[in-house]
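Remarks on the structure that follows.
Model, not experiment: these values are computed from the prediction. The figures that follow rest on heavy atoms only: side chains count, while hydrogens, waters and symmetry mates do not. Reminder, nothing fancy here: chain letters follow the sequence lines and each chain counts from 1.
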Amino acid sequence: MGKPSLPQGTRDFGPDVVRKRNYILNIIKSVFELYGFQPLETPALENLDTLMGKYGDEGDKLIFKILNNGLDNPVKEKQVREDFEKVLSGKSTNGITERALKYDLTIPFARYVAMNHNTLNFPFKRYQVQPVWRADRPQRGRYREFYQCDADVVGSKSLLNEVELISIYQEVFIKLGLINYELRINHRQILAGLAEICGGADKMMDITIAIDKLDKIGLEKVKEELINRGLTGEQTAIIENYLGISGDNNNILSNLFSLIGQTATGKKGIEEIKHVVEHSSSASLIIDPTLARGLNYYTGIIFEAKAPAEVKMGSIGGGGRYDDLTGLFGVAGIPGVGISFGVDRIYDVMEELKLFPDDVFISTQALFFNLSEKESKIAFPLMQEMRQHNIRCELYHEAAKFDKQFKYAEKKNIPFVIIIGEKEIAAKKAVVKDIRKGEQREIDFDELIHSIFN
RNA sequence: GUAGUCGUAGCUCAGUUGGUUAGAGCAUUAGAUUGUGGUUCUAAGGGUCGGGGGUUCGAGCCCCCUCGAUUACCCCA
């Protein structure tokens, strides 16, 4: 075997990285808990037919499928060969693969709700932080294994849920220090109203896909794409009008109303946005008529959280309302709304803006120097007593030169070293040195547990 | 899945028109320093030049394939 390596698009997370990731995740989870959300975990594997057909044709191709075991069983050879022919022609078949790695958290959640709707206490508010897998081509900020961090409320149509989710975004981003984030908000029914006005309700998908790209490719290219997707010049002109809407939230609302307020769907969308905006205090909340979001199961309000403009990272979270997610699994009539945090991207943004606090890196607080077998026998019970008092500490594993022990402490970011040698044992006092300040003092053995090591 | 760029020591990179035993800095290890680190000095270890095949008297350098990284498209977190 050659040099070991990782599968494409996957990563190891070293100690410092895990600490920083946990810092982010702990803040998000604690805010979820604060709002009454409950944790859920589902398996890494799902049955393939639970996932297939839920993410569109592109999505199906990106699902990691797992080869069945026992395909080499001679008894099954004929069947396996037949099934494999189907695979070659682009179909997937249970004979070859019946399990797959999960592709997102939403569909497994929908499956869970469909399976347990008789026993769940609605509205059911759950959060879920787990890895998901996509056979996509990796790029910056895009991996084949990455974490999603979702919170959803199912079994309630109340817009109070939207207001609360907006508040969660606000609270999390402020706590993380991303004070200049933006939360863009729009409504699928506003987009539907636009399509209706254009006289092309059936063209809603084409319209949303095209206008979603506005900030990326510019107005001219969007118009081009609309024409290519079969819209007339007249229809395109109406859309151009729509895209030109700007100003503060009130301005946008009144402009939207005069453009598409006469359609029932458009009107409803505008009213819902208005209601939510009026009940939210976040200054980061911005109505963005060009926001569309790809996932087509959204039916109501949609969100997209953007990183502070100075880092050019784009989306760091998103979500929206869906009327009938569990319908795919035979249980109709459970509406829901959810949001998601893009943990990997939030990490990159925080790294760039240097927002991780210094104490994230401090694990062990104090290192006992090991001067000899005899002296370490005195140090060991003192260390154990400190551990009893929740002071994180360790004893250097063998007697070594000071130089070596200092370097170990320094590299591991341990702020204090405790030196106990013959002199100290005689006086029952330990030398405690603060590495960062370069200062040291003597502390009675009995007082160590009451001293401060941070 | 399509296209471009790249791949030399643990890391960052040199390496001339193809020419002997492939170099540097940082990092590592040991010593100068037997109870006080971060500085300095000395020495050492570490590379089948991503992998495979080809051209050539001779390949890190040229050609083909493959793997990986990266960027754009598609799509998305």
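Computed from coordinates, the A/Lys61 NZ to B/C73 P distance equals 18 Å when rounded to whole Å. As a whole-Å value, the separation of A/Met350 CE from B/A77 P is 21 Å. Between the P atom of B/C76 and the CG atom of A/Asp104 lies a distance of 12 Å, rounded to the nearest Å. Between A/Asp57 atom CG and B/C74 atom C1' the separation is 13 Å, expressed in whole Å. Note: CG (A/Asp12) to P (B/G68) measures 16 Å, nearest angstrom.
Listed for the A/Ser376 side chain is no donor-acceptor partner under 3.5 Å among the backbone atoms of A/Ala379.
Nucleotides B/U17 and B/A59 are separated by 14 Å at their C1' atoms, to the nearest Å. The gap from the P atom of B/C64 to that of B/G4 amounts to 12 Å, rounded to the nearest Å. The separation of B/G10 from B/A27, taken at their C1' atoms, amounts to 7 Å, rounded to a whole angstrom. Comparing the same atom, P, in B/U2 and in B/G46 gives a spacing of 42 Å after rounding to whole Å. Separating the C1' atom of B/C57 from that of B/A72 is a span of 44 Å, rounded to the nearest Å. When the C1' atom is compared between B/U48 and B/U40, the two are found 38 Å apart, to the nearest whole Å. The separation of B/G47 from B/A24, taken at their P atoms, amounts to 15 Å, rounded to a whole angstrom. Spacing of C1' atoms, B/U12 relative to B/U36, comes out at 33 Å, to the nearest Å.
Checked against the 6.0 Å centroid criterion, the rings of A/Tyr396 and A/Phe369 do not qualify as a close aromatic pair. Between A/Phe341 and A/Phe173, the distance separating the two ring centers is shorter than 6.0 angstrom. A/Tyr347 has its ring centre less than 6.0 Å from the ring centre of A/Phe356. Between A/Tyr55 and A/Tyr103, the gap from one ring centroid to the other is short of 6.0 Å.
Because its NZ or CZ atom is both nearer than 6.0 Å to the ring centre of A/Tyr143 and within 45° of the ring axis, A/Arg11 counts as a cation-pi partner of that residue.
Between the side chain of A/Arg137 and the base of B/C76 there is no donor-acceptor pair of N/O atoms closer than 3.5 Å.
With salt bridges taken as basic N to acidic carboxylate O contacts below 4.0 Å, none links A/Asp104 and A/Arg134.
When each of A/His389, A/Gln384, A/Glu385 is paired with A/Arg387, the side chain to side chain donor-acceptor pair (under 3.5 Å) condition holds for A/Gln384 and for no other.
Residue A/Tyr143 is in base contact, counting any heavy-atom pair closer than 4.0 Å across all strands shown. Residue-level contact check: A/Gly319 touches neither bases nor backbone, having no heavy atom under 4.0 Å from any strand.
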* Base-pairing string, 5' to 3', of RNA chain B - Watson-Crick or wobble, under 3.5 Å, | interstrand -> (((((((..((((.....[...)))).(((((.......))))).....(((((..]....))))))))))))....
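Expressed to the nearest 0.5 Å, how far CG of A/Asn161 lies from NZ of A/Lys125 amounts to 7.0 Å.
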* Asked: Nucleotide by nucleotide, 5' to 3', does protein get under 4.0 Å of the base (B), only the sugar-phosphate (S), or neither (-) in nucleotides 26-38 of chain B, counting heavy atoms?
  -> --S-SS---BBBB
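Summary of the strand contacts: A/Phe341 and A/Glu225 both lie near RNA chain B, and taking for each the nucleotide with the nearest heavy atom, the more 5' one is attributed to A/Glu225. Of the two residues contacting RNA chain B, namely A/Arg134 and A/Leu6, the nearest-nucleotide position lying further toward the 5' end is that of A/Leu6.
Every residue was checked against the side-chain hydrogen bond (donor to acceptor under 3.5 Å, both in side chains) condition with A/Gln189, not counting sequence neighbours, and none meets it.
Closest approach to the A/Gln148 side chain among B/C74, B/A77, B/U70 is made by B/A77 (side chain taken as heavy atoms from C-beta onward).
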